[in-house]
J.: 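There's a structure below that I have some questions on.
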Amino acid sequence: MAKLPFSFYQGTDVNLLAQQLLGKVLYTRLGDEITAGIIVETEAYKGVEDRASHAYGGRLTNRTQTMYERGGISYVYLCYGIHHLFNVVTAPEGVPHAVLVRGLEPLQGLELMLARRKMLVLKPNLTAGPGALAMAMGIDRSLNAKDLLGDEIWLEDQGALLSEPEIVSCPRVGVDYAGEHALLPWRYYVKGNRYVSKPNR
DNA sequence: GTGCGGATGAACT
DNA sequence: GTTCATCCGCACT
């Protein structure tokens, strides 16, 4: 096991963190059920100054509280009343930066993922897209604010798992309401990977 | 207490 | 391309 160290999550350059998370491995262990996937798509949300962020303008509520805690924990919330979205909280306590994980390449526990998604055969949409991958990994709000160095949900560096991990950046998805901030190229993904949601943007 | 809308995905035409 | 499922969080009264 080579879990990402506490220090990895303390940087304040959330865009750099978002790129560095590509190729890392996300694990969940729920009871005896272990699943894992390689991160291939992320988006950076830059705290108080980012209109697309829940913490824009310093907003502090029961939900956004998690983002203000020190880096190295999870931030999981419900979107559209249906989908759970998983984020990695970064930066020191008081700085609400987070990275949304939008795409995973399955690595371990494929049968479990298929069962959780009620799918019979492997298709890229098993884990392409933030709501889809959360369901496949068994992530819901009970995994909010968990220590990412714990044994329920964590990240590892297993070296170069992707061939030619060319990184592409482009505007973020679904944040049109954020005005000019919607145009910032703060989405990052591995070029050509099948588990990237909406590849042509 | 009430009302509105969302960092989506799937199933349609 | 369009529609809809489905419900919590947030702002406001």
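Protein chains get the first letters and strands the later ones, always in sequence-line order, with residue 1 at the start of each. What's counted below: heavy atoms across the whole structure, side chains too, no hydrogens, waters or symmetry copies.
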J.: Starting from C1' on B/dT8, measure out to CG on A/Asn125 and report it in whole angstrom.
T.: 13 Å
J.: Name the orientation class of the two ring planes belonging to A/Trp154 and A/Tyr27 (parallel below 30°, tilted from 30 to 60°, perpendicular beyond 60°).
T.: parallel
J.: Quick one: A/Asp140 CG to C/dC8 P, roughly how many Å, whole number?
T.: 13 Å
J.: Looking across every strand, which nucleic acid part, if any, lies under 4.0 Å from A/Arg117 by heavy atom: base, sugar-phosphate, or nothing?
T.: sugar-phosphate
J.: Measuring only between side-chain heavy atoms, which start at C-beta, is A/Arg59 closer than 4.5 Å to A/Thr61?
T.: yes
J.: At under 4.0 Å, does any side-chain N or O of A/Tyr80 touch on OP1 or OP2 of B/dT8?
T.: yes
J.: How is A/Gly81 classified with respect to the nucleic acid when contacts are heavy atoms under 4.0 Å: base, sugar-phosphate, or nothing?
T.: base
J.: State whether the number of non-hydrogen atoms from other residues, nucleotides or ligands found under 6.0 Å of A/Arg117 atom CZ is greater than 12.
T.: yes
J.: Any side-chain to backbone donor/acceptor pair from A/Thr127 onto A/Leu104? Under 3.5 Å, distance only.
T.: yes
J.: May I have the distance from A/Tyr77 (atom OH) to B/dG6 (atom P), rounded to whole angstrom?
T.: 11 Å
J.: Given the ring of A/Tyr195, does A/Arg102 sit roughly above its face, with NZ or CZ under 6.0 Å from the centre of the six-membered ring and within 45° of the axis?
T.: no
J.: To the nearest Å, give me how far apart OH (A/Tyr75) and P (C/dC8) are.
T.: 15 Å
J.: Provide, to the nearest angstrom, the distance between the OH atom belonging to A/Tyr56 and the P atom belonging to B/dG6.
T.: 16 Å
J.: Near DNA chain B, which residues from residues 82-106 of chain A have a heavy atom under 4.0 Å away?
T.: A/His83, A/Leu85, A/Asn87, A/Leu100, A/Arg102
J.: Hey, where does DNA chain C pair up into stems, meaning at least three consecutive Watson-Crick or G-U pairs with distances under 3.5 Å?
T.: B:1-6 with C:7-12, B:8-12 with C:1-5
J.: Taking C-beta and beyond as the side chain, do A/Tyr68 and A/Leu60 meet within less than 4.5 Å on heavy atoms?
T.: yes
J.: Polar-atom pairs under 3.5 Å, protein N or O versus N or O of nucleotides 11-13 of chain C: list them with distances, or write none.
T.:
residue, atom, partner, partner atom, Å
C/dA11, OP1, A/Arg59, NH1, 3.1

J.: Side chains of A/Asn125 and A/Met119: closer than 4.5 Å at any heavy-atom pair?
T.: yes
J.: Contact class for A/Ala132 (heavy atom, under 4.0 Å): base, sugar-phosphate, or nothing?
T.: sugar-phosphate
J.: Does the side chain of A/Ser74 reach to within under 4.5 Å of the side chain of A/Val88, using non-hydrogen atoms?
T.: no
J.: Quick one: on DNA chain B, does A/Met119 or A/His54 contact a more 5' nucleotide (nearest heavy atom)?
T.: A/His54
J.: Do the two ring centres, one from A/Tyr77 and one from A/Tyr75, sit under 6.0 Å apart?
T.: yes
J.: Provide, to the nearest angstrom, the distance between the CG atom belonging to A/Asn144 and the P atom belonging to C/dG9.
T.: 10 Å
J.: If the test is side-chain contact (heavy atoms from CB on, under 4.5 Å), which one of A/Asp50, A/Val175, A/Thr42 qualifies with A/Trp186?
T.: A/Asp50
J.: Of the listed nucleotides (B/dA10, B/dA7, C/dC10), which one gets closest to any side-chain atom of A/Arg63?
T.: C/dC10
J.: Measure from the side-chain heavy atoms of A/Arg141 and tell me the nearest of C/dG9, B/dA10, B/dA7.
T.: C/dG9
J.: Measure from the side chain of A/Leu78, starting at C-beta and using heavy atoms only, and say which of B/dG9, B/dT8, C/dC8 lies closest.
T.: C/dC8
J.: Using centres under 5.5 Å plus planes under 30 degrees as the test, is A/Tyr45 stacked with B/dA7?
T.: yes
J.: Rounded to the nearest Å, what distance is computed from the OH atom of residue A/Tyr177 to the C1' atom of nucleotide C/dC10?
T.: 13 Å
J.: Answer whether the closest heavy-atom distance between the side chains of A/Val99 and A/Val14 falls below 4.5 Å.
T.: yes
J.: Any side-chain heavy atom of A/Glu166 sitting closer than 4.5 Å to one from A/Val190?
T.: no
